[in-house]
Amino acid sequence: MANSSRAPGRSRRLRAALVVSAAVGLLATAGAVVLPGSASAASTLGASAAERGRYFGTAVAVSRLNDSAYTTILNREFNQVTAENEMKIDALQPNQGQFNYGNADRLVQHARSQGMLVRGHTLAWHSQQPGWMQNMSGTTLRNAMLNHVTQVATHFRGQIEWWDVVNEAFADGSSGARRDSNLQRTGNDWIEAAFRAARQADPNADLCYNDYNIDNWNDAKTQAVYRMVQDFKSRGVPIDCVGLQSHFTGGSNYPSNYRTTLSSFAALGVDVHITELDIRNAPTDAYRNVVNDCLAVARCKGITVWGIRDSDSWRSSENPLLFNGSGQKKPAYDAVLAALNNGTTPPTGNPTTPPPTGNPTTPPPSGGCTATVTPGQVWGDRYNTSVTVSGASTWSVVVAITAPQKISATWSGSPTWDSSGNVMTMRSNGSGNTFGFTTMMNGNSSARPQIRSCTAG
Ligand code: 9MR
C-alpha cells in the first residue's frame, strides 16, 4: 500500500549552521578567502556549506581511504560522502542472495567517525547489475530488484541520509521516454515500486530519483523527469528529492537556466541535490554559477563533487575537479569556497553559542540494566552520543529525541523506530555494550537524548 508519510523534521535537518567549525576554521585559515563584511568566512567547503544550511560532499572510492593524502583532504573539506561504486548492485549482491557489505560499511564507518552525512548510491539501476540480474526478466527480475532494495535499505537503515533509489531511468534525446532496460520491461511502475520498498525498509531516509542530462530546463529528458515527480507527488508515491548529477563537459554545458530547473523541481515539493558535479577543465565561472544557483534555491540541500583530486576522477584526463593530482586547491576550489562564503545564511537554526556538550544522564535501573549516556563530539549542526549498558550482556535501550532533532546515524546496535521517528529502541547486536548515534539538531541546539528504559534480555 502506498505510504508517503514519514517522520517529521527531516527537511529541516540541514538548516543549522556549522558555527563551531567555521570559527575554528577561521583561526586556522591558510589560504582561505576572507570576504570583508561577511559574518564569517569559513576556510573549508563543508564548513562554509554548513553555514548556509547545506552540505558539500564528494564521491569516495573506498580503496583510496588507505591514501593519507586523499583522506586528509576528505576529512578536512567535506561533510558528506557518496560511495563512488561500493553501494552499487554488483558490489553489494555479487551472487543472488549473497550480500557483500564490507567496503560500503567501511565508508559508512569512516563517515560516522567524521560526522559526515552519507548518500546511498544506488538501489535500482539498469547498469552495474551483477550477471545473475542481467539475465533476469519479468516477475523474477521485479522481485529480485525489490528484494535488493529491501535488503540493502534495511542493512543501512539509520545510516543513510538520502538514497538514490532509482538512477538514470530516462532516455537521452528528444523522446522524453523511459530508458529501455530489463527493469523497464518489467512494467512502467518499477520505479514507484522501488520507492515504496525503500520507504518501507528505511522510513527515515530521504528517497531521491537521480539522473544526468536533466540540468537544462528545456530538455525533453528534464521535462519527462519533472512530470514523473509531479505524478508521484500527486499520487502519494514516496519521493523526497531529485538528484541532478551535473556531469558538465565545459562552461558551455552549464545551462543558463540551471537555477530554473532547480527551483522548478523544488516547487513540486521535493528537495534538490547536485549529486555528481564535475566540469571539464574545471572552469571557475561554471563552478561558481552552480554554487550560486544552489544557494539561491532554498530546497537545494547540497553539492557533491564526483571525486576529490583530478587523478581520482572517472574522467581524469579532463581535470574536472577542485584539487589537482597533487592534492592542491585549484582556482575552481577558490571560486567555490568564495561563492559559498558569499552566500546568505538561512534565517533559522543558527545557534549563537556553541551547543552544550551535554549532561550525562543515568536513568534509574528499570529492566535489569543501566544505560549511561556519554556526550560525544559536537558539530554546529549535529552531535554524537554514546550509551554504555551495564548489568546485562543482551539488552534493549529506549532513547527519545526531542523533535525537530533527529537521529541520522547509529552504530554498534540494531535500531528500530516508533512511527514518529523520535523514539529509538536500540538492541544489542553482539558489538559490545556501548552503542552510539548522531543527532541532527535541526535548529534546536539545546535538547539532548533521554534514556527511557534499559531492559535486559
Ligand atoms: O565514477 C564511477 C566509475 O568509477 C564507474 O566505473 C562507473 C560505472 O559504474 O560509474 C561511475 O559513476 C557513475 C555514477 O554511478 C552514475 N552517474 C554517472 C557516473 C559516472 O559515470
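What's counted below: heavy atoms across the whole structure, side chains too, no hydrogens, waters or symmetry copies. Ligands are counted one by one from 1 in listed order, and the atoms in each one are counted from 1 as well.
- To the nearest 0.5 Å, atoms CD (E84) and CZ (R64) are separated by 7.5 Å.
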### From CA spacing to verdict: side chain to side chain donor-acceptor pair (under 3.5 Å), Q245, N167
CA-CA 10 Å; Q245 294 183 8; N167 195 38; 3.1 Å; yes
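- Closer than 4.0 angstrom to ligand 1 sit non-hydrogen atoms from E84, N85, K88, H121, W125, Q128, N167, E168, Q245, H247, E276, W306, W314.
- Within a 6.0 Å radius of CD in Q200, no more than 12 heavy atoms belonging to other residues, nucleotides or ligands are found.
- Here the two rings, on W163 and H121, have centers that are 6.0 Å apart or farther.
- For A169 against Y209, the heavy-atom pair with the smallest separation is N-OH, 2.8 Å.
- Y212 and H247 have their aromatic ring centers separated by at least 6.0 angstrom.
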